[in-house]
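Structure record follows, encoded as C-alpha cells.
All residue numbers in this chain count up from 1 along the given sequence. Remember, it's 1-based here, ligands and their atoms both numbered in the order they're listed. Because the structure is a prediction, the values reported are computed rather than measured.
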Amino acid sequence: MSCLIDTLLGDITRVAADAIVNAANCSLLGGGGVDGAIHAAAGPGLLAECRTLNGCETGQAKLTRGYDLPARYVIHTPGPIWRGGVCREAELLASCYRSCMALAGRYGCKSVAFPSISTGVYRFPLEQAAPIAVATVRDCLAAGSCVEHVTFVCFSQPVKDAYDRALGAC
Ligand code: ADP
C-alpha cells in the first residue's frame, strides 16, 4: 500500500480529506483557534452532534460527521495543555495522534488532515510537538493502518517549517 505524509500551508476547514482532526478541548463544545474555525465552517449540526458525545479525555478522540465542511468526518481530540513537560504532555500528545489514526482507520478513511495539536493556546513547544506528531503518524502507518495519506495542515510558515524539518529528520 502506498502511504504519503506531507505538509500544507493553509486552513484545515478547506481541506477535502476523508477526515480532518480538530484540536478540541475536553468539553467538545467548541473553543477558539482551529476548534472555533471548524465549528464556524461546519455549521450548527456539528455542535449539536458534539453535545451528544459527553466530552472527551485528553489524548483520546471522538468522531462526528463533517456537516458543511468538505471533509466527510471530523475527529475531535483534546491535546495536553503544556505544563512544563512534567505532566506526561509528550505521551498524551502522541496518544492524540494514535487515537485519531485508529479512529480514522475504523471508519475507512484513506486521507486524514491534522492541525498542529496543542501548539496554539495550549502552548506545547512547536519544536517538540512536530517530531512527536510525525513519529507517531509514521508508526501508525508502519503498523498497517488503512489510512494512505496524512497531511499536516499548518496555519503559518513557522509551523510548516517545523513539520517539514521533522519529516526530514526522522
Ligand atoms: P490548541 O488548543 O490545541 O493549542 P489551537 O487551535 O490554539 O489549539 O492551535 C493549534 C494550531 O492550529 C496552531 O498552530 C494554530 O495556529 C492552528 N490553527 C488555527 N486555526 C487553524 C485553521 N483554520 N487551520 C489549521 N490550523 C489552524
Side-chain angles (χ1 to χ4, degrees), residues 5-47 50 53 55-64 66-101 103-104 109 111-137 149-167:
I5 307 179
D6 59 11
T7 63
L8 173 73
L9 182 62
D11 179 348
I12 202 166
T13 65
R14 296 177 174 265
V15 174
D18 293 329
I20 64 167
V21 171
N22 181 15
N25 58 52
C26 290
S27 76
L28 299 185
L29 299 180
V34 70
D35 195 4
I38 287 172
H39 276 275
L46 181 63
L47 182 58
C50 283
L53 298 178
C56 184
E57 287 179 26
T58 301
Q60 304 297 303
K62 292 192 176 178
L63 179 143
T64 64
Y67 298 91
D68 295 342
L69 293 164
R72 177 128 73 107
Y73 298 116
V74 180
I75 300 176
H76 306 262
T77 186
I81 298 170
W82 182 256
R83 295 191 167 92
V86 295
C87 294
R88 297 168 52 233
E89 291 96 325
E91 187 189 318
L92 288 165
L93 186 64
S95 174
C96 287
Y97 285 94
R98 245 189 332 267
S99 300
C100 291
M101 290 293 288
L103 208 41
C109 299
S111 57
V112 180
F114 284 95
S116 181
I117 298 166
S118 282
T119 66
V121 170
Y122 283 0
R123 297 193 161 278
F124 200 118
L126 179 62
E127 296 302 329
Q128 293 179 53
I132 292 168
V134 167
T136 307
V137 166
H149 184 190
V150 172
T151 302
F152 291 106
V153 182
C154 305
F155 207 48
S156 69
Q157 190 63 48
V159 173
K160 185 172 186 303
D161 290 344
Y163 281 79
D164 285 336
R165 268 197 300 278
L167 277 168

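- An N or O contact shorter than 3.5 Å is missing between V159 and ligand 1 by distance.
- Heavy-atom minimum distance, F114 versus V150: CD1-CG1, 3.7 Å.
- For atom 3 (O) of ligand 1, the candidate residues are G79, S118, A24; the nearest heavy-atom contact is made by S118.
- For ligand 1 and A37, the ligand atoms under 4.0 Å from any heavy atom of the residue are 23 (N).
- Among T136, V134, V21, V112, the one residue that satisfies the side-chain contact (heavy atoms from CB on, under 4.5 Å) test with Y97 is T136.
- Polar contact check, V121 against ligand 1: a nitrogen or oxygen pair lies under 3.5 Å apart.
- By the 3.5 Å distance cut-off applied to N or O atoms, F155 is not counted among the residues near ligand 1.
- For the pair Y122 and ligand 1, the shortest N or O to N or O distance falls below 3.5 Å.
- Remark: side-chain polar atoms of S118 are paired, donor with acceptor, to backbone N or O of P80 under 3.5 angstrom.
- Looking at atom 14 (O) of ligand 1, its nearest protein heavy atom turns out to be T119 OG1, 3.6 Å.
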Q. Between D6 and H149, does a side-chain hydrogen bond (donor to acceptor under 3.5 Å, both in side chains) hold up when you go through it step by step?
A. CA-CA 8 Å; D6 59 11; H149 184 190; 3.2 Å; yes

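- Within the structure, every pair that satisfies the side chain to side chain donor-acceptor pair (under 3.5 Å) test and touches residues 83-96, not counting sequence neighbours, is listed here: R88-E91.
- Here the heavy atom of the protein found nearest to atom 12 (O) of ligand 1 is V34 CB, 4.0 Å.
- The backbone N or O of A23 lies less than 3.5 Å from no partner atom in the side chain of T77, so there is not a single donor-acceptor pair.
- In the displayed structure, E127 atom CD is contacted under 6.0 Å by more than 12 heavy atoms of other residues, nucleotides or ligands.
- Side-chain N or O atoms of K62 include none that pairs as donor or acceptor with a backbone N or O of C56 at under 3.5 Å.
- In this structure, the protein non-hydrogen atom closest to atom 25 (C) of ligand 1 is I12 N, 3.6 Å.
- Among protein heavy atoms, atom 10 (C) of ligand 1 sits closest to S116 O, 3.2 Å.
- In terms of modelled atom types and a separation under 3.5 Å, the side chain of T119 and the main chain of F124 share no donor-acceptor contact.
- In summary, the atoms of ligand 1 found under 4.0 Å from a heavy atom of D11, numbered by their order in the structure, are 22 (C), 23 (N), 24 (N).
- Of the N or O atoms in A23, none lie within a sub-3.5 Å distance of an N or O in ligand 1.
- Regarding atom 4 (O) of ligand 1, its nearest protein heavy-atom neighbour is G120 N, 2.8 Å.
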